[in-house]
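The figures that follow rest on heavy atoms only: side chains count, while hydrogens, waters and symmetry mates do not.
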Amino acid sequence: VEAEDLQHISLDLEFKASRTCVIHGLVGWFDLHWDGTNKKMTLSTAPAAPASTGGPEGTNWFQARFLLKDTLAVNEGDVLVGNMRLEASSFES
């Protein structure tokens, strides 16, 4: 993976609502897997990840909130389809 490949990331999303509710945003996290020749390692920022894999107590990275501009009312069973585009900031990256 080259640095340029990470400047713009596009993710297709599809969710099925498990209950009727109002959605204010989404939460995201990441898992990194290293498959070394002597040892395999995982760094995870998932909410339930143990600290030994980089979970909430094991790293300074956390989950990210993606708030919606407008709330979205959904009914149980509704299928939500969309796309999320992430762009790296040239100021912070």
Side-chain angles (χ1 to χ4, degrees):
V1 176
E2 301 295 327
E4 300 82 40
D5 298 332
L6 301 174
Q7 294 298 311
H8 309 284
I9 298 172
S10 181
L11 304 167
D12 292 325
L13 308 171
E14 184 172 324
F15 299 97
K16 185 174 183 180
S18 60
R19 62 179 176 220
T20 298
C21 63
V22 176
I23 298 174
H24 296 268
L26 301 172
V27 175
W29 57 86
F30 63 88
D31 295 331
L32 295 175
H33 303 283
W34 288 279
D35 293 331
T37 54
N38 296 325
K39 185 176 181 181
K40 295 183 181 198
M41 295 178 59
T42 298
L43 178 130
S44 177
T45 61
S52 62
T53 63
E57 303 300 323
T59 180
N60 61 339
W61 296 314
F62 298 97
Q63 299 83 36
R65 295 182 299 170
F66 302 97
L67 300 177
L68 298 175
K69 182 177 179 182
D70 299 309
T71 58
L72 183 62
V74 298
N75 293 311
E76 181 178 348
D78 284 352
V79 176
L80 308 168
V81 178
N83 180 275
M84 180 181 289
R85 183 176 166 97
L86 306 170
E87 296 197 28
S89 167
S90 59
F91 178 72
E92 295 290 333
S93 296

query = Looking only at heavy atoms, which two atoms of A17 and N75 are closest? And how far apart?
reply =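 Taking every non-hydrogen atom into account, CB-O, 3.5 Å.
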
E14 side chain vs L80 backbone, donor-acceptor pair below 3.5 Å =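 No; zero donor-acceptor contacts below 3.5 Å.
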
Going by the rule side chain to side chain contact (heavy atoms under 4.5 Å, CB included), which residues pair with [X] if we only count those two or more places apart in sequence or in a different chain?
{"X": "D12", "answer": "N83"}
{"X": "D5", "answer": "V1, E2"}
{"X": "L68", "answer": "I23, L72"}

Contacts of R65 that satisfy salt bridge (charged side-chain N to carboxylate O under 4.0 Å, His left out) - sequence neighbours left out =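 Counting only residues at least two positions away or on another chain, R65 forms no salt bridge (charged side-chain N to carboxylate O under 4.0 Å, His left out).
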
task = Only counting residues at least two apart or in another chain, list the ones meeting salt bridge (charged side-chain N to carboxylate O under 4.0 Å, His left out) with E87.
result =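 For E87 the salt bridge (charged side-chain N to carboxylate O under 4.0 Å, His left out) partners, ignoring immediate neighbours, are R85.
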
Pair up each side-chain donor or acceptor in residues 24-41 with any protein partner under 3.5 Å, not counting sequence neighbours, and list the distances.
from, atom 1, to, atom 2, distance (Å)
D31, OD1, S44, OG, 2.4
H33, ND1, T42, OG1, 3.1

query = Hey, what do you get for OG (S18) to CD (E76), rounding to the nearest 0.5 Å?
reply =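 Reported to 0.5 Å precision, the distance equals 7.0 Å.
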
query = Do V81 and V74 sit in the same hydrophobic cluster, where Ile, Leu, Val, Met, Phe, Trp and Tyr count as joined when their side-chain heavy atoms come under 4.5 Å apart?
reply =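 Different clusters: V81 never reaches V74 through Ile, Leu, Val, Met, Phe, Trp or Tyr contacts under 4.5 Å.
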
